[in-house]
Amino acid sequence: MEGLFDNLLESKPVFKDKEVLRPSYTPSYLPHRRDQLNAIAIILVVALRGETPSNILVYGKTGTGKTACAKYVGRELTDVGASRGVPCNVAYINCEVVDTQYRVLAYLARQFDKDVPMTGWPTDHVYSQFIEALNAQAGSVIIILDELDKLVRKSGDDVLYNLSRINLELTNTRVSLIGISNDLKFTEYLDPRVRSSLAEEEIIFPPYDANQLRDILEERARLAFKEHALNPEVIPLCAALAAQEHGDARRALDLLRVSGEFAERVNADSVKEEHVRTAQMRIELNRVAEVVRTLPTQAKLVLYSIITLQQNGARSATTGEVNRVYETLCRQIELDVLTKRRITDLIMELDLLGIISTKVVSKGRYGRTKEISLSVPLDETFRVLLEDYRLEALDGTRFARRSVKESLF
DNA sequence: ATTCCACAGGAAGCGACGGCCC
DNA sequence: GGGCCGTCGCTTCCTGTGGAAT
C-alpha cells in the first residue's frame, strides 16, 4: 500500500543532523570568540584554587555568542573542577522568563533540590531556603543571569543587591555572578554599590561581520548537512543577510536551517539560493504572525486602530489619534474601554515587539506626542488580526477608505 | 523670554487570582 | 477557612518637557 509517509521518506534528505543548527545547541567550538572565552576563563579559574572569582558583566547584541560562551566556560569549569575534586556548580537563569526577585530565588533554590512553590511564600523565606541549600554545598557556585537588563528593568536591583552580598552569609560555598545584557546602558539604573560589585570585570562581545558569520555557518554546516548538500552561494548569502541584521548569528543559523527545510520539502537534492530567499521571507512573516496572534485582545485592538489609520493613508499616527479610533472601535464591539495611560503602555509594548516603531516628537505649540508607524506588512498583519473572533465583527464595518475620520467622528 | 499644548511616562495602589501556611 | 504573599492588568494622580506661537 502506498503509505502517506512513504513518499516523504523516500525524498533525499539534505540534513545529517539538524539539531546542530538550533539555538539550544551549544557548540564545542566557537569561532572568533577566543579572546572573550579566555577572558572569562582567566577570571573563573581562581575558583579551582578555592578562591572567589570576580563577578562579570557581559555585554553584546543578540546572537553574538554571549550565552554560548558563558555556558561553554561554565561546563568546562564544572568538568575540570570535578576531576580535581573542587566542585563547581553552574546555574543558568534566563531572566526574560524568570523576571522577579521571588522567581529568581525560587528558581535557584530549586536548582539545589529545594522544593519552592511558584508563589505563596514570603520572599525572605525563599532567600533563606536558598542560603541553606548553598551551605549544604561545597566549592564554587557560578550563577549566570542571562538577559539581566530585562530583570532589572522590571523588578529593579534588589535581587542583584542580595545576590552580590550573599557570600557574607555563606560558610562553605562561594558565589560568583555572570550577568549577561544586550543593553550597554542598563547599569545606569543600578545602585552604585550594586554596580561596582557586579561589574568587577566587563567583557564586550562585538557583533560578527559577514566573514565571521560565514566561518560560523561553515563550521556548523559541516555537522548539520550531508556532503554537497549546500550550493556554494548558500552560506555567503545567509551570512550576508544576517550581517545586515546587526550580525546576529542566531538569525544566520535559523536562516540556514529553514533554507534546508525548504529544500527538503520541494525534494531538491541540494540547498540553493532560491530556498534561502524563500526562507528569509517566511521567517519574518511567521515571526510577525505568531507575535500578533498571541497578543492580548486589547493590544490587538490598539494595533487594529493603528492599521485602520494607516489604511486611511496616514504615514504615521499620533497617540491621540490612535486613542480616539481605539475608543470608537472598542464601543462597537463592546469591549471595556481602557484608559489613555494604559494605551500608552500597550503602544510601548507593541514597539518593543517590533510590530510598530515610535518616535517622540514635539510639535511645539501643538504639544508633544509619539509618531507611530507600522513596521510590518500591513495586509498580512490585518488578516491575522481578523482571525480573532472578537475583532472579526469589525471587518464588515470596514470604514470607507479615505474617509475614516468622517465615519468615525 | 515666556507661554502652553498634548502628550510622555513615573509612582502608588487597587482588586482579583493562585497559592502558601497553620 | 482565614490570613498572608506575589503577580498581573489596570486606574488614578501626577510631574515633566520640546519647541511653535506669542
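Order of the sequence lines fixes the chain letters, A, B, ..., with proteins taken first and strands second; residue numbering starts at 1 for each chain.
For the pair A/Arg33 and A/Tyr208, the cation-pi criterion (under 6.0 Å, within 45° of the ring axis) is fulfilled.
Taking 4.0 angstrom as the limit, A/Thr123 places a side-chain polar atom (N or O) nearer than this to OP1 or OP2 of C/dG6. For C/dC8, the OP1/OP2 oxygens have a side-chain nitrogen or oxygen of A/Lys154 closer than 4.0 Å. The side chain of A/Trp121 places no N or O atom within less than 4.0 Å of a non-bridging phosphate oxygen (OP1 or OP2) of C/dG6. Within the structure, every side-chain polar atom (N or O) of A/Thr344 is placed at least 4.0 Å from both OP1 and OP2 of B/dC7.
Within the nucleic acid shown, A/Thr119 comes within 4.0 Å of at least one base atom, counting heavy atoms only. When heavy atoms are screened at a 4.0 angstrom cut-off, A/Lys370 is found touching the sugar-phosphate backbone but no base atom.
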Donor-acceptor pairs are to be reported for all side-chain atoms of residues 246-259 of chain A against protein atoms at under 3.5 Å, with residues two or more places apart or in another chain.
from: A/Asp248; atom 1: OD1; to: A/Arg250; atom 2: N; distance (Å): 2.9
from: A/Asp248; atom 1: OD1; to: A/Arg251; atom 2: N; distance (Å): 3.2
from: A/Asp254; atom 1: OD1; to: A/Arg257; atom 2: NH2; distance (Å): 2.8
from: A/Arg257; atom 1: NH1; to: A/Glu261; atom 2: OE2; distance (Å): 3.2
from: A/Ser259; atom 1: OG; to: A/Leu255; atom 2: O; distance (Å): 2.6

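Looking only at side-chain heavy atoms (C-beta outward), A/Thr344 and A/Asn323 stay at 4.5 Å or farther from each other.
Side-chain proximity of A/Arg103 to C/dG16, C/dT11, C/dC8: nearest is C/dC8. Between B/dC7, B/dG9, C/dT11, one nucleotide has an atom nearer to the side chain of A/Val360 than all others, and that is B/dG9. The side chain of A/Thr100 sits closest to C/dT7 out of C/dT7, C/dG18, C/dC5. Closest contact between the side chain of A/Leu338 and the listed nucleotides C/dT11, C/dT7, C/dC5 involves C/dT11. In the set C/dT17, C/dC8, C/dC5, the nucleotide with an atom closest to the side chain of A/Pro122 is C/dC5. Listed nucleotides: C/dC10, C/dA21, C/dG18. Nearest to the side chain of A/Arg342: C/dC10. In the set C/dG19, B/dC7, C/dT12, the nucleotide with an atom closest to the side chain of A/Thr319 is B/dC7.
Residues satisfying the side chain to side chain contact (heavy atoms under 4.5 Å, CB included) criterion with A/Val361, sequence neighbours excluded, are A/Lys359, A/Lys363, A/Thr369, A/Glu371.
Computed from coordinates, the A/Asp345 CG to C/dT11 C1' distance equals 11 Å when rounded to whole Å. At whole-Å resolution of the value, CG in A/Leu335 and C1' in C/dG9 are 14 Å apart. If you take CZ of A/Arg368 and P of B/dA8, they are 9 Å apart, rounded to a whole angstrom. Across the protein-nucleic acid pair, A/Glu321 atom CD and B/dC7 atom P stand 8 Å apart, rounded to whole Å. As rounded to whole Å, 14 Å separates atom P of B/dG9 from atom CG of A/Leu346. At whole-Å resolution of the value, NE2 in A/His125 and C1' in B/dG19 are 15 Å apart. In this structure, A/Glu349 atom CD and B/dG9 atom P are separated by 13 Å, rounded to whole Å. Between A/Leu105 atom CG and C/dG6 atom P the separation is 11 Å, expressed in whole Å.
The aromatic ring centres of A/Phe15 and A/Phe225 sit less than 6.0 Å apart.
On a pure distance criterion of 3.5 Å, no polar donor-acceptor pair joins the side chain of A/Arg365 and the base of C/dG18. For A/Arg341 against C/dT11, a side-chain-to-base donor-acceptor contact under 3.5 Å is absent.
Judged by distance alone, the side chains of A/Thr62 and A/Asn182 never bring a donor and an acceptor atom under 3.5 Å apart.
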